[in-house]
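Numbers for residues simply follow the sequence, beginning at 1.
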Amino acid sequence: MDENQEVEERQRLRSPLVYEIVRREAEVELARPAVSLWWSGVAAGIALSASLLAEGLLHRYLPDAAWRPAAESFGYCFGFLVVILGRLQLFTEQTVTAVLPVLADFCTHTLLRTARLWSIVLVANFVGTLLTAIITVHIGTTSAENLVAMLEVAREFAELTPVQAVAYGIPAGFFIAAIVWMVPSAEGAAFWVIVVVTYLIALGGFAHVVVGSAEVFLLQVAGELGVAQGLFGLILPSLVGNILGGTGLFAMLAYAQVQEEL
């Protein structure tokens, strides 16, 4: 290998190249059959519910100390590792991925394709988290002690006001979109990129709509939270915040930095 080849291999991916990688992945996702998107989205919802389970387990077994929230926040990373490394359909990833083709070619056709992808994946994610909550509470796939711990973790999210859910949803949407942007350059470090970023979301108490739906549905199935309060007070505000952070902020900035180089 000559010197120029070695330099090219070691050189970081330039932003326009990262943009093109993410955009092409988006084109593939936009063209996938609805049934494929649906089942991948349901699987993502079920897998992401594992974040709540992992946090609950750590909450149960760690001592009641000042540092416990910081330690149990590592459980939050688990579901995201399964979803992102498993290439399952997660709505908050699509707030940046599916939007880049729209920014590059703003037309009715592209808008409709993006709306189709968003609606299928979001509903599928919710179905996955709802099914998990029902199975957990009524079938008993984990012990009663673990369920109590999961409910304790979920109650923290339920304490947010709608305004807080929107505000805390913006950083969560931004950071998940950032993972999508960073993974192509991460090479063998994608695992650590996901862990670091999602740990920050958990530690900061930011609101992720799909994980939040897992918490809301668990509380609702257990009879601790009303339907209207969970939907309109927590899930929808978190959704708005995630879209603002992922699409309104990150996707726009990501496209703005490369549009003159495309």
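The hydrophobic clustering, which links ILVMFWY residues whose side-chain heavy atoms are closer than 4.5 Å, places Trp38 and Leu117 together. Linking ILVMFWY side-chain heavy atoms closer than 4.5 Å, directly or via other members, places Val209 and Phe78 in two distinct hydrophobic clusters.
Hydrophobic cluster of Val163: no remaining members, since no ILVMFWY side chain lies below 4.5 Å from it. Through direct or indirect side-chain contacts shorter than 4.5 Å among Ile, Leu, Val, Met, Phe, Trp and Tyr, Leu58 is connected to Leu62, Trp67.
Here OG1 of Thr136 is found 10.5 Å from CG of Leu131. Values are rounded to the nearest 0.5 Å. Taking CG of Leu239 as the start and CG of Leu122 as the end, the distance is 5.5 Å to the nearest 0.5 Å. In this structure, Arg68 CZ and Ser73 OG are separated by 11.5 Å, a value rounded to the nearest 0.5 Å. The structure places CD1 of Ile201 at 6.0 Å from CD1 of Ile179, a figure rounded to the nearest 0.5 Å. The SG atom of Cys77 sits 10.0 Å away from the CG atom of Leu200 when rounded to the nearest 0.5 Å.
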Using a 3.5 Å cut-off and no angle test, enumerate the donor-acceptor pairs between side-chain atoms of residues 166-176 and protein atoms at least two apart in sequence or in another chain.
none

Run the side-chain donor-acceptor check on residues 188-195: report pairs under 3.5 Å with partners two or more places apart or on a different chain.
none

Distance-only donor-acceptor hits, side chain of residues 81-93, under 3.5 Å, sequence neighbours excluded:
from	atom 1	to	atom 2	distance (Å)
Gln89	OE1	Gln94	NE2	2.8
Gln89	NE2	Glu29	OE1	2.2
Thr92	OG1	His208	NE2	2.7

Donor-acceptor list for residues 147-154 side chains, cut-off 3.5 Å, not counting sequence neighbours:
from	atom 1	to	atom 2	distance (Å)
Glu152	OE1	His59	NE2	2.6

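Legend: residues meeting side chain to side chain contact (heavy atoms under 4.5 Å, CB included) with Thr108, ordered by chain and number and at least two apart, are Leu112. Checked against salt bridge (charged side-chain N to carboxylate O under 4.0 Å, His left out), Arg113 has the following partners two or more places apart in sequence or in another chain: Glu27. Residues meeting the ring-ring contact (aromatic ring centres under 6.0 Å, His included) test with Phe206, sequence neighbours left out: none. Looking at residues two or more places apart in sequence or on another chain, you find no side chain to side chain contact (heavy atoms under 4.5 Å, CB included) involving Ala115. With sequence neighbours excluded, the residues forming a salt bridge (charged side-chain N to carboxylate O under 4.0 Å, His left out) with Arg24 are Glu20, listed by chain and number. Every residue was checked against the ring-ring contact (aromatic ring centres under 6.0 Å, His included) condition with Phe232, not counting sequence neighbours, and none meets it.
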>> I'd like to know whether Ser49 forms a side chain to side chain donor-acceptor pair (under 3.5 Å) with Thr129, so could you lay out the CA-CA distance, the side-chain angles of the two residues, the decisive distance to 0.1 Å, and finally the verdict.
In response: CA-CA 6 Å; Ser49 298; Thr129 54; 5.4 Å; no
> When you look at Phe126 and Ile235, which way does the side chain to side chain contact (heavy atoms under 4.5 Å, CB included) test go after all the steps?
Replying inline: CA-CA 10 Å; Phe126 287 163; Ile235 292 179; 3.6 Å; yes
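In summary, Arg155 and Glu224 engage in a salt bridge, as defined by a charged side-chain N under 4.0 Å from a carboxylate O.
Of all heavy-atom pairs spanning Phe80 and Thr198, the tightest one is CG-CG2, 3.5 Å. Leu203 approaches Ala70 most closely through the heavy-atom pair CD1-CA, 3.7 Å. Gly233 and Ala165 make their closest contact through O-CB, 4.3 Å (heavy atoms, listed as atom of the first residue, atom of the second, distance). Between Gly79 and Ser51, the shortest heavy-atom distance links the atoms N-OG, 3.0 Å. Closest heavy-atom contact between Leu160 and Leu234: O-CD2, 3.6 Å. Of all heavy-atom pairs between Val216 and Gly230, the closest is CG1-CA, 3.7 Å.
Aromatic ring centres of Tyr199 and Tyr76: separated by at least 6.0 Å.
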